[in-house]
Amino acid sequence: MSRNQKPRLRFAPSPTGHLHIGGARTALFNWLLARKEGGTFILRLEDTDRERSRPEFEDEIIRDLRWLGLDWDEGPQKGGPHAPYRQSERGATYQRAVEDLLERAQAYRCTCSMGRLDAIRKEAMAQGRNPHYDGHCRDLHLGPDCGPHVVRFKMPQDGTTVVQDMVKGPIFFENQEMDDFVIRRTDGGYTYNFVVVLDDHHMGITAVLRGDDHLSNTPKQVQLYEALGALPPRFGHMPLILGPDGKRLSKRHGATSVGAYRDMGYLPQALLNYLARLGWAHGDQEIFTVDQLVEFFSLAAIGKAAGRWSSEKLDWVNQYWMQNLPITEISRRAAPFLKEMDLNPDPAMAEAALDTVRSRSHDLRDMVSRARFFFLSDNRLEMDPRAMRKFLKPAAIQRVEELAAELSILESWNQESLEDVIHGWLHQRDLKLKSIAQPIRICVTGQRVGPGLFETLEVLGKDRSLARIRNGIRRAREQA
RNA sequence: GGCCCCAUGAUCUAGUGGUCAGGAUGCCGGCCUUUCAAGCCGGCAGCACGGGUUCAAAUCCCGUUGGGGUCACCA
């Protein structure tokens, strides 16, 4: 790669499952680097596993990346100078390369049976040796007519391969530790370690940021570049995300896919913010806008140790963004959850209502359910019977009724005037706000917890507030 | 098991030879208060261990221990 041109980064998920949060972080870091350096971010689908790849996963990954706001300059649904960006469509390229390697004796055909391979592996393990292919067919010079066979890459048997890792520094691998890996399967399909090299090379990828789990593949890939006469990209291996118990993150730890977090009501900027901070730091800063991430991102600040997923910290970050994003955006993102709960409020009303509860909500779903009472019809409001018994006793009902009469003649129904009138009314009777706050709240929200009383009344409006108070009183009397 | 990576409070981390080891989440306590949150203030809690190097080590080196990754005709 020519080192002085704009970087080309890629994210290359395989559509064999949901977009995982680890994958999302990989995508994020590559995207950040590309955006920061004014480079190109490419999306490529590694669907060489014919058995497990599914178009619906592909759609889902694309949808989730879009939701996160990680846009690509080249890739599926977008095109680009190196199309196609789906490995299943790049077979011709791979075939040429295999033939070339075969011709130059950098690869060879192998007819070893799976059974033999398993046996070798088992025995090596038992003897405490590296369980590798023994090179049985390496020098047999088998031709194309040798029957069912795979093609293996001829790995150098001595020497050292050095990976100059951008996050970990130089890492040395003894070539004898690596075996002649399969590059083309019996069924003619190509393997990951092979196609990833070809594609990165053909697509002019200059740097590869990926998970630590790829580290041990890297020397094999470097040797492949060498055999192809190509210059490898720079590699950077990021520590993995572990579960809260330090074990590999799995479904047993709860939600692990981006889609699951979206469905639970998390905000994309919160997920991005949290993901970025897991394994990367910029001094003491915890909260970052996406623009700030782009501005401050640097490879040098990526940590080396694996991190543990903390849903508590994510919740905190999410809550921060719940409170601090423009209410119009919060409201827009809440729309699917409103629909899901069968609520169809007027948009302006919804925005005002959501604004009253967002500071006490840890996610969108929670926020919508907290604001739900605003959207129900006044006579269908569900009222908590226990709260009614506790706060709507005869004396309280009496006070609420009197106060309601006072409020009914109020002209400008807003927080300030409500506060004035109510405080004045309380003052005259030498009462505390405490004495009527919960009774009124129960009447207008049906619940014992809710947003501030004055803002609740304002958002609900005069008619609806008074109607709810009347209903509440009536129902409390019926219950008594 | 071989190879590779890693190691600051429960968790995420700042730190790059001289700091009272800083911040954040969580937890505990207080303030505020119309409920619940939010917010504000305070507290508990850490350099895995053992050797070196150095006038001086969380910082450098070696070892131990621990954790993780990987050894597929998966990616």
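Within every chain, numbering begins at 1; the chains are lettered A, B, ... in the order of the sequence lines, protein sequences first and strands thereafter. Predicted, not measured: the structure shown is a model, and the values here were computed from it.
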Exercise for the section: Determine, for A:Arg372 against A:Glu382, whether the closest basic-nitrogen to carboxylate-oxygen distance falls under 4.0 angstrom. Expected result: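 Result for this pair is yes, salt bridge flagged.
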
Handout entry: Lys/Arg N to Asp/Glu carboxylate O, A:Arg121 vs A:Asp134, below 4.0 Å
Key = no

Roughly how many Å is it from [atom1] in [X] to [atom2] in [N], rounded to a whole number?
X        : N     : atom1 : atom2 : result
A:Leu314 : B:A24 : CG    : C1'   : 14 Å
A:Arg360 : B:U33 : CZ    : C1'   : 11 Å
A:His362 : B:G39 : NE2   : C1'   : 19 Å

Pairwise [atom1] distance, [M] and [N] [rounded to whole Å]:
N     : M     : atom1 : answer
B:U65 : B:G26 : P     : 38 Å
B:C3  : B:U59 : C1'   : 28 Å
B:G15 : B:C73 : P     : 42 Å
B:C36 : B:G42 : P     : 24 Å
B:G2  : B:U53 : C1'   : 32 Å
B:G46 : B:A21 : C1'   : 9 Å
B:A37 : B:C49 : P     : 39 Å
B:A24 : B:G66 : P     : 35 Å

What nucleic acid atoms does [X] come within less than 4.0 Å of, heavy atoms only: base, sugar-phosphate, or nothing?
X        : value
A:Gln285 : nothing
A:Tyr274 : nothing
A:Met114 : base
A:Thr16  : nothing
A:Pro219 : nothing
A:Gln323 : sugar-phosphate

Between [X] and [N], does any side-chain N or O lie under 4.0 Å from OP1 or OP2?
X        : N     : value
A:Lys247 : B:G68 : yes
A:Arg121 : B:A72 : yes
A:Ser310 : B:G26 : no
A:Arg248 : B:G69 : yes
A:Arg116 : B:C73 : no

Which pairs of donor and acceptor atoms, one on a side chain in residues 419-428 of chain A, lie under 3.5 Å apart (sequence neighbours left out)?
unit_1	atom_1	unit_2	atom_2	d
A:His423	ND1	A:Glu419	O	3.2

Problem - A:Glu455 (side chain) donor-acceptor with A:Gly452 (main chain) under 3.5 angstrom - result: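 Yes; at least one donor-acceptor contact below 3.5 Å.
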
If you check the [X] side chain, which of [options] turns out closest?
X        : options             : answer
A:Leu242 : B:G68, B:A37, B:C73 : B:G68
A:Leu453 : B:G69, B:G22, B:U34 : B:U34
A:Val449 : B:A75, B:G22, B:U35 : B:U35
A:Arg308 : B:U11, B:U34, B:C6  : B:U11
A:Pro131 : B:G26, B:C71, B:A75 : B:C71
A:Leu215 : B:C3, B:U35, B:C5   : B:C5
A:Trp316 : B:U25, B:G2, B:G68  : B:U25
A:Glu177 : B:A75, B:C3, B:G69  : B:C3
A:Phe173 : B:C3, B:G23, B:U35  : B:C3
A:Asn130 : B:C12, B:A75, B:C71 : B:C71

Checking base pairs now: Watson-Crick or wobble, both atom distances under 3.5 Å. What partners [N]?
N     : value
B:C47 : none
B:A37 : none
B:U70 : B:G2
B:U19 : none
B:C32 : none

Exercise for the section: Would you kindly compare A:Ser216 and A:Gly279 by the position of their nearest RNA chain B nucleotide and give the one closer to the 5′ end? Expected result: A:Gly279

Problem - Earlier contact from the 5' end, RNA chain B, for A:Ala305 and A:Glu419 - result: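 Between the two, 5'-proximity favours A:Ala305.
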
Practice task
Give a yes/no verdict on base stacking between B:A75 and A:His214: centres under 5.5 Å, planes within less than 30° of parallel.
Solution key: yes

Problem - ring-ring contact (aromatic ring centres under 6.0 Å, His included) partners of residues 302-324 of chain A, not counting sequence neighbours, each pair once - result: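 Counting only pairs at least two positions apart or across chains, the ring-ring contact (aromatic ring centres under 6.0 Å, His included) contacts touching residues 302-324 of chain A are A:Tyr261-A:Trp309, A:Tyr274-A:Trp309.
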
Problem - With A:Asp180, the salt bridge (Lys or Arg N to Asp or Glu O under 4.0 Å) member among A:Arg138, A:Arg152, A:Lys220 - result: A:Arg138

Practice task
Report the residue from A:Tyr190, A:Phe181, A:Tyr108, A:Tyr133 that forms a ring-ring contact (aromatic ring centres under 6.0 Å, His included) with A:Phe153.
Solution key: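 Result: among A:Tyr190, A:Phe181, A:Tyr108, A:Tyr133, A:Phe181 is the only option passing the ring-ring contact (aromatic ring centres under 6.0 Å, His included) with A:Phe153.
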
Polar pair under 3.5 Å, donor/acceptor by atom type, side chain [X], base [N]:
X        : N     : result
A:Thr186 : B:C73 : yes
A:Gln127 : B:G1  : no
A:Arg441 : B:U34 : yes
A:Asn217 : B:A75 : yes

Handout entry: Charged tip of A:Arg25 within 45° of A:Phe29 ring normal and under 6.0 Å
Key = yes

Exercise for the section: Assert yes or no for the condition that the ring centre distance of A:Tyr192 to A:His214 is strictly below 6.0 Å. Expected result: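 Ring-ring flag for A:Tyr192/A:His214: true, centres closer than 6.0 Å.
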
